Amino acid sequence: MVIAIDGPAGSGKSTIARLIAERLGFYFLNTGSFYRVYTLAQLEAQKDPLDKDSVLETAKSVSITVKDGDICLNGEDVEKKLHTPLVDRFCSPVSVDPRLRCYVNEQVRELAKGMDIVTEGRDTTTVIFPDADYKFYFDASAEERAKRRTAEHPDGPGYEEVLEAIIKRDENDKNKAFGALKIADSAIYIDTTHLTINQVCERVIKAIEL
C-alpha cells in the first residue's frame, strides 16, 4: 500500500508522515530529501549548486540509501544536515531540473516496490505515485510555516527572512515546468495551520481504511 502526502515546505509533511508510518508499521520515505541530499553533496564537493549539469553528474556519482526512515549519503546518515539554511536556499532551484526529477522518481519507485509505505514530497501524489492508495495534501499559512521553521532552527535566520524565503520557494514550487506543487484531484486536503501534530495524525488515520 502507498500512502502519499503532498504540500508546501513547513506544512508538517515529514513529521506527520513519519509518525503515521510508525503507527501503521509502514516504511517511511521522504522523496523531497533526495533533492536535499544532492544539494548537500554538491555543496560539500564545493561545486556550484546552480549548475544543473554538474548537479546531475554529482547525483549519479553518489549512493543514496534509507535506514530506519533516515536518508544516507554514501552510507552516512545525513538527515540532520538536510535542513541547514544553505541547503534550504538551494534545494528548490536544484529540484527544478526535469532530468534530475526523472532520475529521483525512478529511484523512489524502485525503493518502494513490494513495500507498504508512507511517502511525502511536493509532487508525490501527482507525479511519483499518481495511483497511490491514499493521497493527502497538507497546507498551512506561510506565516505559520515560517514560525515552525524558525523554532526548528533558533540559531538560523530570523522570522522575517525565513518568511520571505518560504514565500519565494512556494512561488518557485508552484510554477515548475515539471513536478509543480499542486493538489491532486483525489487528495484529501488538510489545513494544519491551527492543528497539533496529533490532530493531523488522527485525521489521516481515520481516513485510511485498514
Side-chain angles (χ1 to χ4, degrees), residues 1-39 52 55-56 59-60 64-66 69-71 82 91-140 145 166 169-193 195 200-210:
M1 177 181 289
V2 175
I3 299 169
I5 302 171
D6 277 345
S11 58
K13 300 186 305 298
S14 297
T15 300
I16 294 165
R18 189 184 290 270
L19 289 172
I20 294 296
E22 289 176 359
R23 288 184 59 172
L24 298 178
F26 282 21
Y27 193 80
F28 169 67
L29 186 60
N30 181 339
T31 62
S33 288
F34 282 73
Y35 301 104
R36 289 183 173 273
V37 170
Y38 293 141
T39 302
K52 293 182 173 59
V55 171
L56 186 61
K60 293 184 176 181
I64 288 184
T65 53
V66 181
D70 287 346
I71 199 156
L82 300 184
C91 66
S92 184
V94 162
S95 70
V96 168
D97 187 357
R99 299 170 301 170
L100 184 64
R101 299 196 71 84
C102 288
Y103 182 66
V104 168
N105 292 350
E106 291 170 4
Q107 289 182 299
V108 171
R109 294 184 189 113
E110 188 63 30
L111 278 172
K113 282 183 178 177
M115 297 165 50
D116 291 321
I117 69 167
V118 179
T119 181
E120 61 93 357
R122 282 177 190 77
D123 61 354
T124 309
T125 66
T126 55
V127 177
I128 306 177
F129 295 107
D131 298 320
D133 299 275
Y134 293 93
K135 302 177 186 179
F136 296 88
Y137 186 97
F138 291 174
D139 205 355
R145 289 184 283 133
I166 281 179
R169 183 168 180 180
D170 285 351
E171 188 69 18
N172 288 339
D173 288 341
K174 290 176 181 178
N175 290 289
K176 287 176 180 174
F178 182 83
L181 174 64
K182 59 183 179 180
I183 306 174
D185 292 338
S186 56
I188 297 171
Y189 180 91
I190 300 177
D191 188 333
T192 70
T193 302
L195 298 177
V200 179
C201 285
E202 288 304 318
R203 292 195 182 192
V204 172
I205 292 294
K206 287 180 181 179
I208 299 170
E209 302 172 358
L210 294 177

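The structure presented is a predicted model; accordingly, all values stated were derived computationally and were not measured.
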Option from Thr15, Asn30, Thr31 for which side-chain hydrogen bond (donor to acceptor under 3.5 Å, both in side chains) with Glu120 holds
Asn30
Can Tyr137 and Leu181 be said to form a side chain to side chain contact (heavy atoms under 4.5 Å, CB included), step by step?
CA-CA 10 Å; Tyr137 186 97; Leu181 174 64; 3.7 Å; yes
Quick check for you: to the nearest 0.5 Å, what is the distance between Ile3 atom CD1 and Asp133 atom CG?
7.5 Å
Between Ile64 and Leu111, is there a side-chain heavy-atom distance shorter than 4.5 Å?
no
Do Ile128 and Val104 touch side chain to side chain, with heavy atoms closer than 4.5 Å?
no
Is the shortest side-chain heavy-atom distance between Cys91 and Phe34 below 4.5 Å?
no
Is there a side-chain contact between Val96 and Asn172 in this structure, where contact means two heavy atoms from C-beta onward sitting under 4.5 Å apart?
no
Check the surroundings of atom CG in Asp185: do more than 12 heavy atoms from other residues, nucleotides or ligands lie under 6.0 Å from it?
no
Can you confirm whether Val66 sits close enough to Tyr27 that some side-chain heavy atom of one is under 4.5 Å from a side-chain heavy atom of the other?
yes
I'd like to check Tyr134 versus Ile188 (side-chain heavy atoms, cut-off strictly below 4.5 Å). Are they in contact?
no
When rounded to the nearest 0.5 Å, the distance separating CG of Leu24 from CE of Met1 is 8.5 Å
Got Ile5 and Thr124 here, is their nearest side-chain heavy-atom distance under 4.5 Å?
no
Sidechain N-carboxylate O distance under 4.0 Å for Asp170, Arg122:
no
Kindly determine whether Arg18 and Asp70 satisfy salt bridge (charged side-chain N to carboxylate O under 4.0 Å, His left out), including the steps that lead there.
CA-CA 10 Å; Arg18 189 184 290 270; Asp70 287 346; 3.4 Å; yes
The reported gap from CG in Asp191 to CG in Asp139 (rounded to nearest 0.5 angstrom) is 5.5 Å
Let me see the working for Arg203 and Leu195 under side chain to side chain contact (heavy atoms under 4.5 Å, CB included), right down to the final yes or no.
CA-CA 10 Å; Arg203 292 195 182 192; Leu195 298 177; 3.8 Å; yes
Would Tyr35 and Arg101 count as a side chain to side chain contact (heavy atoms under 4.5 Å, CB included) if you check the C-alpha gap in whole Å, the side-chain angles of each, and the deciding distance to 0.1 Å?
CA-CA 8 Å; Tyr35 301 104; Arg101 299 196 71 84; 3.6 Å; yes
Using a strict cut-off of less than 4.0 Å between a Lys/Arg side-chain nitrogen and an Asp/Glu carboxylate oxygen, indicate whether Glu110 and Lys113 qualify as a salt bridge.
yes
Looking at Ser186, is its backbone amide N or carbonyl O close enough to the side chain of Lys135 to form a donor-acceptor pair, meaning the two atoms are under 3.5 Å apart?
no
